[in-house]
A.B. asks: 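Structure incoming, see below.
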Amino acid sequence: MADRHVQDVIVIGAGIVGICSALALQSRGRSVLILDRPQMSQRASEMNAGAFAFSDIEPLATPGIMRKAPKWLLDPLGPLSIPPSYAIKIAPWMLRFWRASWPDRHQLALNAQASLMEVSQSALKVLVADVDGEELLQREGQLQLFEGEREYRASLPVWQRRREHGVRFELLETPDAIAAYQPGLDPRFSHAGFTPDWINSCDPARWLDRLRTTFLARGGEIFAGDVKTLIPDEACVSIRLEGKDLSAKQVIVCAGAWSHHIARTIGDRIPLETERGYNTTLPQGAFDLKTHLSFSGHGFVVTKINGGVRVGGAVELGGLDLEPNYKRSEILLKKAQSFLPELKADGGRQWMGFRPSLPDSLPVIDRSPNDRRVLYAFGHGHLGLTQSAGTAELVAALASDTSIPIDMSAFSARRF
């Protein structure tokens with residue numbers, strides 16, 4: 001071990017947060033190697049809805065949500081479900097989720113989410129220019145749709161909180177007003193909110209590939225390997241792979257839904273769970289989609305991908321090992337057909353992936369409590385793409401001990 005080569009920085013994970021973090025570190029003159037799990041299927045960073053959802057500052061754990069949860073959980077195909085075989089295992093996480101929904105914790109999480117969104121929105125502008133990526137973006141806004149006045153009125157406090165944090169929007173209170181932004185919706189959607197600054201990627205897989213290509217062109221390396229454990233010593237941090245060890249001055253853990261397993265090898269227990277997300281991608285010509293559509297009451301979105309349509313969402317808290325339940329994709333697609341009567345639902349491709357989620361809807365962006373040379377950047381839930389560029393800037397600042405523009409206490413690895 002005395003003659004081992006010590007890397008400057010090793011980033012564990014080549015998803016969107018890992019790649020962005022590697023690019024941010026490179027921009028500060030750091031030499032970066034990325035370690036990535038051998039991929040058996042397309043990752044969430046490639047197959048998500050493609051949204052930079054900067055207006056989504058509201059945590060999932062909102063006051064009163066536990067009154068709704070039992071009804072949702074009893075419906076195996078509802079917007080939030082837990083497979084019965086997983087219920088006992090996830091109980092401690094659900095208790096933390098319940099505590100995070102209390103008004104005091106909710107307000108702290110909302111403020112932290114808003115501050116991270118502000119950093120991320122600014123960082124994305126810089127990143128898009130840096131990688132010449134404007135051609136990969138769609139600046140068409142978003143419609144959040146409501147069935148009837150009651151559902152709409154219930155959302156007004158959320159819109160007010162968005163206003164307080166500088167989010168621009170327009171509230172629409174007739175089907176005709178909605179149709180000006182998106183024709184072809186069922187008239188049951190009588191109210192909506194339009195957020196004009198919402199941005200979508202034309203295809204998150206193409207966006208990730210642009211970032212990966214840029215990283216490699218600037219001298220970065222990507223090595224395939226399944227991380228078994230971290231082994232800190234006085235000189236560096238070693239990473240044990242199958243049949244091989246690598247060492248680095250600093251290690252950044254951005255391994256998505258697998259991150260907490262890696263953190264546990266150095267004694268950090270972080271209550272990460274897995275939101276299993278489902279979608280169906282329809283080919284070009286499926287529907288003339290003008291803007292991103294969010295059906296919040298049903299827990300899914302309809303978004304434009306490469307000229308086609310992706311229908312996906314919902315939250316299934318089921319861990320990493322259970323088999324996919326593609327009935328969830330089918331029910332979302334049937335709902336989308338009902339809500340968009342002209343939608344052509346043939347020729348779709350189904351997918352399921354893992355979104356790493358913490359009980360308070362906030363990621364961990366921090367040094368390890370047990371070794372300051374190990375940094376964590378994971379747990380973004382369904383906001384990984386949205387917050388990737390901002391998270392990367394914060395990681396790079398932590399790694400270089402430079403000033404950080406926001407209060408980081410809400411993202412602490414010690415908060416649990």
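In what follows, residues are counted from 1 in the order of the sequence shown.
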A.B. asks: Given side chains that start at C-beta, do those of Ser190 and Glu149 come closer than 4.5 Å, heavy atoms only?
C.D. replies: no
A.B. asks: Can you see which heavy atom on Gly50 is nearest to which on Leu385, and at what distance?
C.D. replies: C-CD2, 3.6 Å
A.B. asks: In Å and rounded to the nearest 0.5 Å, what is the CD to CZ distance from Glu316 to Arg355?
C.D. replies: 10.0 Å
A.B. asks: With heavy-atom distances below 4.5 Å as the criterion, would you say the side chains of Val302 and Leu343 are in contact?
C.D. replies: no
A.B. asks: Classify the angle between the aromatic ring planes of Trp98 and Trp102 as parallel (below 30°), tilted (30 to 60°) or perpendicular (above 60°).
C.D. replies: perpendicular
A.B. asks: So, Asn370 versus Ser368: side-chain donor-acceptor pair below 3.5 Å or not?
C.D. replies: no
A.B. asks: Measure across Ile12 and Leu230 and return the closest heavy-atom pair with its distance rounded to 0.1 Å.
C.D. replies: CD1-CD2, 4.0 Å
A.B. asks: Quick one: closest heavy-atom pair of Ile34 and Gly13, and the distance?
C.D. replies: CG2-O, 3.7 Å
A.B. asks: Are any non-hydrogen side-chain atoms of Lys249 and Val9 less than 4.5 angstrom apart?
C.D. replies: no
A.B. asks: Around atom CD of Glu118, are there more than 12 heavy atoms from other residues, nucleotides or ligands closer than 6.0 Å?
C.D. replies: no
A.B. asks: Hey, is Arg415 close enough to Asp360 for a salt bridge, meaning N to O under 4.0 Å?
C.D. replies: yes
A.B. asks: Report yes if some heavy atom in the side chain of Val227 is under 4.5 Å from a heavy atom in the side chain of Leu241; otherwise report no.
C.D. replies: yes
A.B. asks: Between the side chains of Lys290 and Glu140, is the shortest nitrogen-to-carboxylate-oxygen separation below 4.0 Å, so that they form an ion pair?
C.D. replies: no
A.B. asks: Please report the interatomic distance OG(Ser21) to CZ(Phe378), rounded to the nearest 0.5 Å.
C.D. replies: 12.5 Å
A.B. asks: As an exercise, state the distance from CG of Leu394 to CE of Met408, rounded to the nearest 0.5 Å.
C.D. replies: 4.5 Å
A.B. asks: Test salt bridge (Lys or Arg N to Asp or Glu O under 4.0 Å) on Lys89 and Glu273 and set out the steps.
C.D. replies: CA-CA 10 Å; Lys89 185 173 182 179; Glu273 261 303 337; over 6 Å; no
A.B. asks: Is there a side-chain contact between Pro92 and Pro271 (heavy atoms, below 4.5 Å)?
C.D. replies: no
A.B. asks: Is it true that Arg218 and Asp130 make a salt bridge, defined as a side-chain N closer than 4.0 Å to a carboxylate O?
C.D. replies: yes
A.B. asks: Heavy-atom count check: over 12 atoms from other residues, nucleotides or ligands less than 6.0 Å from Asp401 CG?
C.D. replies: yes
A.B. asks: Assess Arg162 against Trp159: is NZ or CZ under 6.0 Å from the centre of the six-membered ring, and within 45 degrees of the ring's axis?
C.D. replies: yes
A.B. asks: Quick one: sort the His298 and Phe300 rings into parallel, tilted or perpendicular, breaks at 30° and 60°.
C.D. replies: perpendicular
A.B. asks: Which residues pass the side chain to side chain contact (heavy atoms under 4.5 Å, CB included) test with Asn279, not counting sequence neighbours?
C.D. replies: Met47, Thr281, Arg310, Trp351
A.B. asks: How would you list all residue pairs meeting salt bridge (charged side-chain N to carboxylate O under 4.0 Å, His left out) that involve residues 92-117, not counting sequence neighbours?
C.D. replies: Arg99-Asp104
A.B. asks: What's the spacing between Ser294 OG and Leu143 CG if we round to 0.5 Å?
C.D. replies: 8.5 Å
A.B. asks: Which residue pairs satisfy the ring-ring contact (aromatic ring centres under 6.0 Å, His included) criterion with at least one member in residues 175-201, sequence neighbours excluded?
C.D. replies: Tyr152-His191, Tyr181-Phe194, Phe189-Phe295, Phe189-Phe339, Trp198-His292
A.B. asks: Around atom CD of Glu323, are there more than 12 heavy atoms of other residues, nucleotides or ligands at under 6.0 Å?
C.D. replies: no
A.B. asks: Which heavy atom of Ser259 sits nearest to which heavy atom of Leu272, and what is that distance?
C.D. replies: N-CD2, 4.3 Å
A.B. asks: Are more than 12 heavy atoms from other residues, nucleotides or ligands located less than 6.0 Å from atom NZ of Lys344?
C.D. replies: no
A.B. asks: Roughly how far, to the nearest 0.5 Å, is the CE atom of Met94 from the CD1 atom of Ile88?
C.D. replies: 14.0 Å
A.B. asks: Under a 4.0 Å N-O cut-off, is there an ion pair linking Asp209 with Arg212?
C.D. replies: yes
A.B. asks: Report yes if some heavy atom in the side chain of Thr391 is under 4.5 Å from a heavy atom in the side chain of Phe411; otherwise report no.
C.D. replies: no
A.B. asks: Under a 4.0 Å threshold between the charged nitrogen and the carboxylate oxygen, would Arg28 count as salt-bridged to Glu393?
C.D. replies: yes
A.B. asks: Give a yes or no on whether Glu242 atom CD has more than 12 heavy-atom contacts from other residues, nucleotides or ligands under 6.0 Å away.
C.D. replies: no
A.B. asks: Counting only heavy atoms not in Glu173, do more than 12 fall under 6.0 Å of its CD?
C.D. replies: yes
A.B. asks: Working to the nearest 0.5 angstrom, can you tell me the gap between Asn48 CG and Ile305 CD1?
C.D. replies: 7.5 Å
